[in-house]
Amino acid sequence: MQNTSDLLAAVQVYFDALYHCDTEKLNAVFHETSSLFDADNGKVFAEPIESFSRDVGGRTSPASKGQAREEEILMIDYLSPISATVKIRLRAHENVFVDHLGFVLGENGWQIVSKIWHLERVADIA
C-alpha cells in the first residue's frame, strides 16, 4: 500500500511526542480538530486535542526519567490509500496503553483525526 513509510514516520512522531512530552510534535501529528476518547470507567470520556496537548505539556516525560522506550505498532489497517487505523501499544511511566489512531493523509501529511485509548495495565516500577 502506498504511503506506508510516511505513515510509519507519523506514528514515530506520535511515539516521540509522548516519550518526550513534546507538544510541538504532538500538535503536528494531530489534526487541529481531532478528539480523543476513552471508556475505561464505564462511560465515554471525550477530550479535544487542545486539552490533551496541555495535559501532555504538563507531564514529567518518560525520557527525563530515563525510562526505556516501550512502544510497538500492533496493526495497520488501510481504509483507503489516504486513511488508515493504526493500533499501537506504549508505556508511559507505569501505564501501558493501547491506542487506536485514526490517520488521514491531507495537506499536512498523515495526521491523527481520532484516538481511542485504553489503559491496558499498570506495570511494576522496580
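When side chains are defined from C-beta on, Lys87 does not count as touching Asp99, because their heavy atoms never get closer than 4.5 Å. Counting heavy atoms from C-beta on, the side chains of Leu26 and Phe52 come closer than 4.5 Å. Here the side chains of Val86 and Tyr14 are not in contact, with every heavy-atom distance at 4.5 Å or above. No side-chain heavy atom of Leu74 sits less than 4.5 Å from a side-chain heavy atom of Ile88. Counting only heavy atoms from C-beta outward, the side chains of Ile112 and Ile49 never approach each other to under 4.5 Å. Taking 4.5 Å as the limit, some side-chain heavy atom of Lys65 sits within range of a side-chain heavy atom of His93. Counting only heavy atoms from C-beta outward, the side chains of Lys115 and His100 never approach each other to under 4.5 Å. Counting heavy atoms from C-beta outward, Glu120 and Arg89 have side chains that approach closer than 4.5 Å.
Both Phe97 and Leu101 belong to a single network of hydrophobic side chains, linked directly or stepwise wherever heavy atoms of I, L, V, M, F, W or Y lie under 4.5 Å apart. Val122 and Leu18 end up in the same hydrophobic cluster when Ile, Leu, Val, Met, Phe, Trp and Tyr side chains are linked at under 4.5 Å. Cluster annotation: Phe15 and Tyr19 are assigned to distinct hydrophobic clusters (Ile/Leu/Val/Met/Phe/Trp/Tyr, side-chain heavy-atom contacts under 4.5 Å, transitive). Cluster annotation: Val29 is not connected to Ile116 through the hydrophobic network of ILVMFWY side chains, with a link wherever side-chain heavy atoms come within less than 4.5 Å. Linking Ile, Leu, Val, Met, Phe, Trp and Tyr residues whenever their side-chain heavy atoms come within less than 4.5 Å places Ile82 and Leu7 in a single cluster.
Atoms SG and CG, from Cys21 and Asp16 in turn, are 12.0 Å apart once rounded to the nearest 0.5 Å. Here Arg59 contributes atom CZ and Arg54 contributes atom CZ; the two are 13.0 Å apart, rounded to the nearest 0.5 Å. The CH2 atom of Trp110 sits 10.0 Å away from atom CG of Leu8, with the distance rounded to the nearest 0.5 Å. From Trp117, atom CH2 reaches atom CZ of Phe37 across 12.5 Å, with rounding to the nearest 0.5 Å. Remark: Arg121 CZ to Asp124 CG distance equals 8.5 Å, nearest 0.5 Å. To the nearest 0.5 Å, the span separating OG1 on Thr60 from CD on Gln67 amounts to 12.0 Å.
At distances below 3.5 Å, not a single donor-acceptor pair connects side-chain atoms of Ser51 with backbone N or O atoms of Pro48. Although no hydrogens or angles enter the test, the distance criterion places a donor-acceptor pair under 3.5 Å between the side chain of Asp40 and the main chain of Leu119.
Closest of all the heavy-atom pairs between Ala17 and Val56 is O-CG1, 4.4 Å. In this structure, Gln111 and Ala28 approach most closely via the heavy-atom pair NE2-O, 3.0 Å. Between Leu105 and Pro81, the shortest heavy-atom contact is CD2-O, 4.5 Å.
Atom CG of Asn41 is surrounded by 12 or fewer heavy atoms from other residues, nucleotides or ligands within 6.0 Å.
Side-chain atoms of Asp38 and His118 include no donor-acceptor pair closer than 3.5 Å. Looking at Ser53 and Asn27, their side chains do bring a donor and an acceptor atom within 3.5 Å of each other. With hydrogens and angles left out, the side-chain atoms of Tyr78 and Thr4 include a donor and acceptor closer than 3.5 Å.
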Test log, rule side chain to side chain contact (heavy atoms under 4.5 Å, CB included), inputs Phe103 and Val11: CA-CA 9 Å; Phe103 278 90; Val11 173; 3.9 Å; yes

Residues Thr85, Ile76; criterion side chain to side chain contact (heavy atoms under 4.5 Å, CB included); working and verdict: CA-CA 6 Å; Thr85 299; Ile76 298 175; over 6 Å; no

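Screening Glu71, Glu70, Glu72 for a side-chain hydrogen bond (donor to acceptor under 3.5 Å, both in side chains) with Arg91, the sole residue that qualifies is Glu70.
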